[in-house]
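No hydrogens, no waters, no symmetry mates; every other heavy atom, side chains included, goes into these values. What you are looking at is a predicted structure, and each value in this text was computed from that prediction instead of being measured.
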Amino acid sequence: MEIQELKALIKESVREVLREERLLLSQALIPYVSEKEQEELDVMFGSPSDYENQESVDMTEWVKHGHKIP
């Protein structure tokens, strides 16, 4: 294996680990919500499926890929 290939492999491996760690950190920082709190939130704000499309933005791809959307 050439040095450039090895560097590319290491770089991609580090990126993958960092993505996984970022996800774990994000999950750890999300506060716990009890069933009662969730019910109160549902009453106050309703369900996302009730919202108009222009009221929300789907951030799924942004979260998966950072600021670079493929």
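Here I30 pairs with nothing under the side-chain contact (heavy atoms from CB on, under 4.5 Å) rule; sequence neighbours left out. Taking the side-chain contact (heavy atoms from CB on, under 4.5 Å) definition, one finds that Q38 meets it with V33, L41, D42, sequence neighbours left out. Residues satisfying the side-chain contact (heavy atoms from CB on, under 4.5 Å) test with L18, not counting sequence neighbours, are V14. With sequence neighbours left out, S13 forms a side-chain contact (heavy atoms from CB on, under 4.5 Å) with L9.
Under a cut-off of 6.0 angstrom, the local environment of CD in E5 is crowded, with over 12 non-hydrogen atoms contributed by other residues, nucleotides or ligands.
To the nearest 0.5 Å, atoms CD (E39) and CE (M44) are separated by 13.5 Å.
Apart from L29 itself, the hydrophobic cluster it occupies contains L25, where clustering links Ile, Leu, Val, Met, Phe, Trp and Tyr at side-chain heavy-atom distances under 4.5 Å.
The stretch residues 17-35 participates, sequence neighbours left out, in these side-chain hydrogen bond (donor to acceptor under 3.5 Å, both in side chains) pairs: S34-E37.
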